[in-house]
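Since the structure is predicted, the reported quantities are computational estimates derived from the model, not experimental observations.
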Amino acid sequence: QVQLVESGGGLVQAGGSLRLSCAASGRTFTINLMGWFRQAPGKAREFVGSITWSGGSPVYADPVKGRFTIFRDNAKNTLYLQMNSLKPEDTAVYYCAARAGVNRYDNWGQGTQVTVSS
């Protein structure tokens with residue numbers, strides 16, 4: 001089992017930046033892929049981006065491409081989401097998730113709120 005804890009959310013003005021962190025613990029050696037998702041009130045959960053735990057290969061959803069960057073620090077077992085040029089439509093609860101030994105995201109963090117004011 002893998003435990004994930006997100007942090008770094010907050011309130012920012014449009015055009016600002018935030019960096020989210022996702023600390024992984026437990027059976028982290030089983031992780032093969034990690035991703036970021038977000039969910040706005042009343043809307044479905046949305047894929048943001050993903051990265052392999054080893055080797056990189058980041059993938060981004062179109063709405064965030066060119067503005068968000070995913071990177072990792074394997075020594076700290078931490079995944080990051082750097083968010084630049086934030087827009088009000090980026091407002092959501094952001095979750096990190098991990099694929100660990102299965103071909104689906106079965107491990108989820110508790111989420112961190114990101115609010116972008118106009």
Side-chain angles (χ1 to χ4, degrees):
Q1 192 174 20
V2 175
Q3 292 79 46
L4 304 173
V5 180
E6 301 98 335
S7 61
L11 173 64
V12 298
Q13 295 182 352
S17 298
L18 279 177
R19 180 178 292 180
L20 305 184
S21 300
C22 175
S25 60
R27 303 178 77 248
T28 57
F29 61 90
T30 66
I31 297 174
N32 54 63
L33 183 72
M34 297 192 71
W36 286 98
F37 296 79
R38 65 186 183 184
Q39 186 169 20
K43 296 186 177 181
R45 186 175 60 193
E46 178 185 34
F47 173 78
V48 174
S50 66
I51 191 170
T52 59
W53 194 236
S54 61
S57 301
V59 176
Y60 302 98
D62 287 342
V64 308
K65 193 172 297 181
R67 299 187 297 119
F68 291 10
T69 303
I70 297 173
F71 60 100
R72 68 197 188 280
D73 185 340
N74 291 44
K76 297 182 178 180
N77 287 324
T78 301
L79 181 74
Y80 300 94
L81 179 65
Q82 179 66 46
M83 304 183 295
N84 298 326
S85 301
L86 283 162
K87 304 175 181 179
E89 53 262 42
D90 295 319
T91 296
V93 176
Y94 283 71
Y95 301 89
C96 66
R99 291 182 179 180
V102 295
N103 195 33
R104 63 191 297 269
Y105 291 103
D106 280 345
N107 302 273
W108 294 83
Q110 84 288 349
T112 185
Q113 177 70 48
V114 173
T115 302
V116 184
S117 62
S118 59

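- Of all heavy-atom pairs between Q110 and L4, the closest is OE1-O, 3.7 Å.
- Put simply, SG on C96 and CE on M34 are 5.0 Å apart, with the number rounded to the nearest 0.5 Å.
- Using modelled atom types, one side-chain atom of T91 and one backbone atom of V116 make a donor-acceptor pair closer than 3.5 Å.
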Would you sort out whether W36 and L79 count as a side chain to side chain contact (heavy atoms under 4.5 Å, CB included), showing the intermediate values?
CA-CA 9 Å; W36 286 98; L79 181 74; 3.3 Å; yes
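- Closest non-hydrogen pair, G8 versus T112, comes out as N-OG1, 4.2 Å.
- A side-chain contact (heavy atoms from CB on, under 4.5 Å) with R38 holds for exactly one of E46, R45, K43; it is E46.
- At least one donor-acceptor pair closer than 3.5 Å links the side chain of N74 to the backbone N or O of W53.
- Formation of a donor-acceptor pair under 3.5 Å by the Q3 side chain with backbone atoms of A24 is not found in this model.
- The two residues A100 and V2 have their closest heavy-atom pair at CB-CG2, 3.9 Å.
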Take L81 and F68 through the side chain to side chain contact (heavy atoms under 4.5 Å, CB included) test and state the conclusion after the steps.
CA-CA 7 Å; L81 179 65; F68 291 10; 4.1 Å; yes
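- With a 4.5 Å cut-off between side-chain heavy atoms of Ile, Leu, Val, Met, Phe, Trp and Tyr, the cluster of F71 takes in Y80.
- Of all the heavy atoms in R67 and S85, the pair that sits closest is NH1-O, 3.0 Å.
- The aromatic ring centroids of F37 and W108 lie less than 6.0 Å from each other.
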Pair up each side-chain donor or acceptor in residues 11-20 with any protein partner under 3.5 Å, not counting sequence neighbours, and list the distances.
residue: S17; atom: OG; partner: N84; partner atom: OD1; Å: 2.9
residue: R19; atom: NE; partner: Q82; partner atom: OE1; Å: 2.7
residue: R19; atom: NH2; partner: Q82; partner atom: OE1; Å: 3.2

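- Two residues are said to be in side-chain contact when any heavy atoms from C-beta on lie closer than 4.5 Å; V48 and Y60 fail this criterion.
- Not one N or O on the side chain of T28 forms a donor-acceptor pair closer than 3.5 Å with the backbone of S25.
- By the 4.0 Å N-to-carboxylate-O rule, D90 lies too far from K87 to be salt-bridged with it.
- Interatomic distance, I70 CD1 to S57 OG, rounded to the nearest 0.5 Å: 12.0 Å.
- A pairwise comparison of heavy atoms in Y105 and A97 identifies CD2-CB, 3.6 Å as the closest pair.
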Could you give me the CA-CA distance, side-chain angles and deciding distance for R72 and I51, then say whether side chain to side chain contact (heavy atoms under 4.5 Å, CB included) is met?
CA-CA 8 Å; R72 68 197 188 280; I51 191 170; 3.7 Å; yes
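- S50 places no side-chain N or O within donor-acceptor distance of the main-chain N or O of G35, the cut-off being under 3.5 Å.
- Between R99 and V102, the shortest heavy-atom contact is CB-O, 3.7 Å.
- Distance alone, capped at 3.5 Å, places no donor-acceptor pair between the Y95 side chain and the Q39 backbone.
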